[in-house]
Amino acid sequence: MPQHTPHAPFAEGQIGHDLLTRLDEAARYSQPGPGVTRLFCSPEHRQVLPLIEQWMELAGLTPELDAAGSLVGRCPNAQAGKPTLTLGSHQDSVVEGGKYDGMLGIAVPLIALEALRREGITLPYGVEVVAFGDEEGVRFPTTLVGSRALAGTTDPQQLKARDKQGISLKEALRSFGVEPDGIPALARDPANTLGFVEVHIEQGPRLEQHDHAVGVVTSLTGIERHQVTVSGKAGHAGTTPMPGRHDALVGASEMVLAVDRVLQTTEGLVGVVGQLDVHPNAVNVIPASVTFTVELRSPQSETRQRGHETIQAALDEVAERRELTLSMDNTYRADGAHCAEWIMHGLEQACATVEQPTDRMFSGAGHDGLAMQDVTDIGMLFVRCKEGLSHHPDESISAEDGEAAVRVIMAFLQQLDAF
Ligand code: HGY
Ligand code: MN
Ligand code: MN
Ligand code: MN
């Protein structure tokens, strides 16, 4: 943690340097292996919290771990009940992800608030910065746990979702040291919430192509996730005749190709089969069952609907022909979200103030705004990332672009009353 006198304004370039130093430090709290693997309510999640608390205290905020496992830093005005602007992003990562997806959107507003504090600038409204515990939805077959809690839209079913070890989300929260029964009380009052602004890496090539450090997001794609289970019949790999086998993995493999064909040929639809598990997954046993995930994304819900129906029909056909049983259960659905015009305009004004050229752009990635849209206006600032690479250990941003994002947020915070 770089030591500075707490009240000397940051020197030119120091913000970008400190930002990357902090993100390097946060990335150390990860499971062993390439990139960053820090899942919800994991030991790594627990271990990274003191570092984020330090960032919050340097920004003049008081950190508190909420009942949904999110760390929330609130300024005195927010604590006094003044209308509050919410900023932040997610602390959790995918498996072997990068240092910046999520954590950048926690560090940028905190450094921006610290810089204002060092310059003796106070804001007339409340501010809170949230390190959402779960946004990726990698550990549990559910997602946006933290932002749904703030939006007051937590589905009790979510708390029953179980991870691969059979631990329920509710049990995991309690082991993490928070009480999920307190989630309903976390809902923010729309009348007292000014908006939600998230800074996030673009996770795409557009900003690099336009040679812009930052971009203003117009809307976020809609996402749905399904869990498919294909059941056949286990058997001895050496003595069971080839004809007449009910091999769940061969069937699932044909199904995965069918999903890809639908995704490749349906206009406006993207998606992936990201997870696949074989049971009993033994070298000499005909697979009895396979579960895999199907994720569909499109800003148009009818496009997702059409894709889902076409995929369902294709999987049914394979199951029938191969005498396998099939189930396809929806585990998550979030309609797309539109960013508020006043926040987009405010971010553009802030970019102009700090002489950062910018464009408006769509987000093919989902973010906590998909949940926060249910309680307040949302906006996002994208930051250029190298080759648009994300969900990969080589994810990277430059110190200059990081500093640009901080200065845009500093300007946005100071101009907020004018929007
Ligand atoms: O999957 C997404 O779009 C985000 O990274 N959670
Ligand atoms: Mn992500
Ligand atoms: Mn993200
Ligand atoms: Mn996000």
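Numbering of ligands and ligand atoms starts at 1, following listing order. If you're wondering where the values come from, they're calculated on a predicted model, not measured in any experiment.
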Original post:
Less than 4.5 Å apart, any side-chain heavy atom of L326 and any of D316?
Top reply: yes
Original post:
Taking side chain as C-beta onward, heavy atoms only, is D92 less than 4.5 Å from R38?
Top reply: no
Original post:
Are E295 and ligand 1 in contact, using a heavy-atom cut-off of under 4.0 Å?
Top reply: no
Subject >> Minimal non-hydrogen separation, A107 against L23, with atom names >> reply: CB-CD2, 4.0 Å
Subject >> Where ligand 1 meets G366 - atom numbers and elements under 4.0 angstrom, heavy-atom basis >> reply: 2 (C), 3 (O), 4 (C), 6 (N)
Original post:
With a 4.5 Å limit on heavy-atom distance, are the side chains of E57 and P63 in contact?
Top reply: yes
Original post:
Which N/O/S atom belongs to D101 and is the closest one to the Mn ion (ligand 3)?
Top reply: OD1
Subject >> Check against side chain to side chain contact (heavy atoms under 4.5 Å, CB included), I311 and H226 >> reply: CA-CA 11 Å; I311 286 168; H226 302 269; over 6 Å; no
Original post:
Looking at the Mn ion (ligand 2), which N/O/S atom of E136 is the nearest one?
Top reply: OE2
**OP:** Name whichever N, O or S atom of H391 ends up nearest to the Mn ion (ligand 2).
**Re:** NE2
Original post:
Where's the contact between H391 and ligand 1, heavy-atom distance under 4.0 Å: side chain, backbone, both or neither?
Top reply: side chain
Original post:
Backbone or side chain, does H90 get an N/O/S atom under 2.8 Å to the Mn ion (ligand 3)?
Top reply: yes
Subject >> Proximal candidate to atom 1 (O) of ligand 1 [heavy atom criterion; set E136, R225, R297, Q203] >> reply: R297
Subject >> T358 and E348: CA distance, side-chain angles, deciding distance, side chain to side chain contact (heavy atoms under 4.5 Å, CB included) verdict >> reply: CA-CA 7 Å; T358 187; E348 284 168 334; 4.2 Å; yes
Original post:
If you count the atoms of ligand 1 from 1 in the order shown, which ones are under 4.0 Å from a heavy atom of A365?
Top reply: 3 (O)
**OP:** Measure up the F176 and F40 rings against each other and bin them: parallel (under 30°), tilted (30 to 60°), perpendicular (over 60°).
**Re:** tilted
